Amino acid sequence: MITDSWGRRYNVEMQVANKRDMDKRARQYLFKLMEDGFLRRRQEYEELHAAYVIFILPFDPKGKGLKRYSFVYTAKEDPSVELNDGSEIIYLNTKGAKGKVKPGLDDLYRLIEGKPTSNGKFISRVKETMNNYRRTEEWRKHVMNTEEVAEAAKQLGMEEGKKEGLITGVQNLISVLRDYGEDNQNILQQLKQKYGNTFSDKQLEDFLKQS
């Protein structure tokens with residue numbers, strides 16, 4: 001949870017799985033933001049600051065191809081009439097092709113999708129933060145854990161003795177690494193390290209796209 005200099009509150013998360021209850025989950029997060037930040041302080045209504053729940057999604061949550069979905073309360077009778085309560089739920093769709101987002105955010109989309117990015121100020125700061133985190137003890141433990149999971153997945157496929165088993169191992173590894181918030185570029189690198197002797201780079205890229 002983040003609070004900016006104007007008192008506005010944000011809950012920013014990356015959701016790796018497209019679950020049916022995502023909209024209700026976002027609503028719950030928004031309620032908790034308000035409850036923790038405002039209601040317990042017994043502020044006057046006019047003192048309440050804006051609250052935003054932002055989900056970064058490597059999939060299209062609504063199937064409309066938008067780069068960004070911004071949800072506010074509106075009147076059913078006239079959607080142009082908004083309820084100005086200062087809350088908003090935002091889905092950032094890295095797969096989107098329609099609409100415009102700021103260059104820095106577009107760079108973030110490309111980074112998550114494993115595509116080349118610019119050398120802009122924002123994305124450079126993101127990469128620097130990621131590199132610094134990779135030097136921490138927490139990151140080393142994370143890498144060791146994912147390597148153990150990768151080896152277990154590989155062994156599972158080998159024990160089955162069939163190519164289908166190896167494919168299952170690849171898919172399991174992709175799923176686990178995505179749960180850990182890894183981007184496609186890093187996932188592909190780890191796939192090549194673990195399964196490069198069994199599958200071609202093109203095959204591994206196809207597995208990643210299909211998962």
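A quick note: this is a predicted structure, and the numbers were derived from the prediction, not measured.
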**Prompt:** Any side-chain heavy atom of Leu83 within less than 4.5 Å of one from Val72?
**Reply:** no

**Item:** Exceeds 12 heavy-atom contacts within 6.0 angstrom, atom CG of Asn119
**Value:** no

**Prompt:** Counting distance only, does the side-chain N/O of Tyr69 pair as donor-acceptor with the main-chain N or O of Lys64 below 3.5 Å?
**Reply:** yes

**Request:** Using a 4.5 Å cut-off on heavy atoms from C-beta on, say whether the side chain of Gln185 contacts that of Ile112.
**Result:** no

**Prompt:** Got a sec, which residues hit salt bridge (charged side-chain N to carboxylate O under 4.0 Å, His left out) with Lys95, two or more places apart in sequence or on another chain?
**Reply:** Glu113

**Asked** Should Arg68 and Lys100 count as side-chain neighbours, where that means a heavy-atom distance under 4.5 Å?
**Response** no

**Message:** Test side-chain contact (heavy atoms from CB on, under 4.5 Å) on Ile174 and Leu191; report intermediate values, then the result.
**Reply:** CA-CA 8 Å; Ile174 292 172; Leu191 289 178; 3.9 Å; yes

**Prompt:** How many angstroms lie between CG in Asn186 and CG in Leu111, if you round to the nearest 0.5 Å?
**Reply:** 8.5 Å

**Asked** So do Tyr195 and Leu173 actually touch side chain to side chain, heavy atoms under 4.5 Å?
**Response** yes

**Message:** One pair to check against salt bridge (charged side-chain N to carboxylate O under 4.0 Å, His left out): Lys67 and Asp106. What are the steps and the verdict?
**Reply:** CA-CA 9 Å; Lys67 292 184 176 183; Asp106 196 52; 3.5 Å; yes

**Prompt:** Can you check whether Ile123's main-chain N or O pairs, donor with acceptor, with Asp107's side chain at less than 3.5 Å?
**Reply:** no

**Prompt:** Between atom CE of Met14 and atom CG of Leu108, what is the distance when rounded to the nearest 0.5 Å?
**Reply:** 8.5 Å

**Message:** With a 6.0 Å cut-off (strictly less than), is the heavy-atom count around NZ of Lys127, excluding the residue itself, greater than 12?
**Reply:** yes

**Message:** For Tyr10, give me all partners under side chain to side chain donor-acceptor pair (under 3.5 Å), at least two apart in sequence or on another chain.
**Reply:** Asp4, Arg8

**Fill in**
OG of Ser87 to CZ of Arg9, rounded to nearest 0.5 Å, is 15.0 Å

**Distance (rounded to the nearest 0.5 Å) between Lys115 NZ and Thr94 OG1** = 8.5 Å

**Request:** Carefully, step by step, assess Lys121 and Ser124 under the rule side-chain contact (heavy atoms from CB on, under 4.5 Å).
**Result:** CA-CA 5 Å; Lys121 185 176 180 180; Ser124 295; 5.8 Å; no

**Request:** For the residue pair Met22 and Phe55, establish whether any side-chain heavy-atom pair is separated by less than 4.5 Å.
**Result:** yes

**Message:** Working to the nearest 0.5 angstrom, can you tell me the gap between Arg25 CZ and Glu13 CD?
**Reply:** 8.0 Å

**Message:** Less than 4.5 Å apart, side chain to side chain, heavy atoms only: is that true for Phe122 and Thr117?
**Reply:** no

**Message:** Between Leu208 and Ile187, is there a side-chain heavy-atom distance shorter than 4.5 Å?
**Reply:** yes

**Check ion pair Asp206-Lys202 (N to O, under 4.0 angstrom)** = yes

**Request:** Look up atom OH in Tyr109 and atom CG in Asn93, then write down how far apart they are to the nearest 0.5 Å.
**Result:** 6.5 Å

**Val53 backbone acceptor or donor facing Asn11 side chain under 3.5 Å** = no

**Within 6.0 angstrom of Arg27 CZ, more than 12 heavy atoms from elsewhere** = no

**Item:** Path from Ile89 to Tyr73 over hydrophobic side-chain contacts below 4.5 Å
**Value:** no

**Which atom of Ala51 lies closest to which atom of Leu30, heavy atoms considered** = O-CD1, 3.8 Å

**Message:** Is there a path of hydrophobic side-chain contacts, each under 4.5 Å between heavy atoms, that joins Trp6 and Val12?
**Reply:** no

**Asked** Looking only at heavy atoms, which two atoms of Lys76 and Pro79 are closest? And how far apart?
**Response** O-CD, 4.2 Å

**Message:** Do Phe71 and Tyr91 make a side-chain contact, defined as non-hydrogen atoms from C-beta onward lying under 4.5 Å apart?
**Reply:** yes

**Message:** Does this structure show an ion pair linking Lys62 with Asp23, if we count only N-O contacts that are shorter than 4.0 Å?
**Reply:** yes

